[in-house]
> 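Below: one structure in structure tokens.
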Amino acid sequence: MFKNFKNIKKLCNTVFGISLLLFVVACEDDHDHDHDDHTDAKGFILEKSDGTVVYKQFKGTTEGTITVTTGAAIELAVHFLDDDGEEIEHDEHEEEEEEGGLKVTGFDSNIAKVEIEEGHGDELEVTGVNEGSTSFKLELMHGDHADFTSASNVPITVIK
């Protein structure tokens, strides 16, 4: 009887060890996407339709501000920049399949509203609500996480 108990204990420890190993390996990387698909942006620009850059953030430095009149809206294209300050080309169709795209947070909607333009994954619409200042954080999402997050919030000034 004592000999059978040792064998059972040994078998239980082996099964437990194998189960633990399988659990750890399975939880190591639950992402089913290729890490090469991540956007390695170092900054971005916000540009009007006429090509005027109203705001730029690159490697921690910022230039410009978004200024909009109360009751008016401004549409801005978002272009992400690589390590050399050149625009990163990416396929919007791939972005939609991976549940990616732009995300804006942190703005005071009593001052201004910032929305992602429907059908245009890389365009924002900023609408002035009341005179004042606010700002927003910009993120480029890749599934459930951000490939890029603005180093500082983008400032908005709403005037009458």
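We use all heavy atoms of the structure for the numbers below, so side chains are in, but hydrogens, waters and symmetry mates are not.
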> Could you give the distance from CD (Glu131) to CD1 (Ile111), rounded to the nearest 0.5 Å?
9.0 Å
> Take Ile45 and Leu81 through the side chain to side chain contact (heavy atoms under 4.5 Å, CB included) test and state the conclusion after the steps.
CA-CA 8 Å; Ile45 61 172; Leu81 306 174; 4.0 Å; yes
> State, to 0.1 Å, how close Ile88 and Ala41 come at their nearest heavy-atom pair, and which atoms those are.
CD1-CA, 3.7 Å
> Taking all atoms of both residues into account, what is the closest heavy-atom pair of Asn110 and Val129, and its distance?
O-CG1, 3.5 Å
> Once rounded to the nearest 0.5 Å, what's the spacing between atom CD of Glu139 and atom CG of Asp147?
10.5 Å
> If you look at every heavy atom in Ala112 and Ile156, which pair is closest and at what distance?
CB-CG2, 4.0 Å
> So which heavy atom on Ser133 is nearest to which on Thr157, and how close?
OG-OG1, 4.1 Å
> Using atom types as modelled and distance alone, determine if a side-chain donor or acceptor of Thr65 lies under 3.5 Å from a backbone N or O of Pro155.
yes
> Where is the tightest heavy-atom contact between Tyr55 and Ser152, given as atom of each residue plus distance?
OH-OG, 4.1 Å
> Could you note down all residue pairs passing side-chain hydrogen bond (donor to acceptor under 3.5 Å, both in side chains) where residues 74-87 supplies at least one of them, sequence neighbours left out?
Glu47-His79, Lys59-Asp83, His79-Glu87
> Please assess Val78 against Leu124 for the test side chain to side chain contact (heavy atoms under 4.5 Å, CB included), listing each intermediate value before the final yes or no.
CA-CA 7 Å; Val78 181; Leu124 302 175; 3.8 Å; yes
> Of all heavy-atom pairs between Val54 and Ile66, which one has the smallest distance, and what is that distance?
CG2-CG1, 4.4 Å
> Could you tell me if the side chain of Leu138 sits less than 4.5 Å from the side chain of Val104, heavy atoms only?
yes
> Could you state the interatomic distance from CG (Leu76) to CG (Leu46), rounded to the nearest 0.5 Å?
5.5 Å
> Please report the interatomic distance CZ(Phe44) to CG(Leu140), rounded to the nearest 0.5 Å.
11.0 Å
> When you measure from the side chain of Gln57 to the backbone N and O of Ala151, does any donor-acceptor pair fall under 3.5 Å?
yes
> Rounded to the nearest 0.5 Å, what's the gap from CG on Asp40 to CZ on Phe80? Could you check?
12.5 Å
> Please confirm whether the backbone N or O of Ile159 pairs with a side-chain atom of Thr70, one donor and one acceptor, at under 3.5 Å?
yes
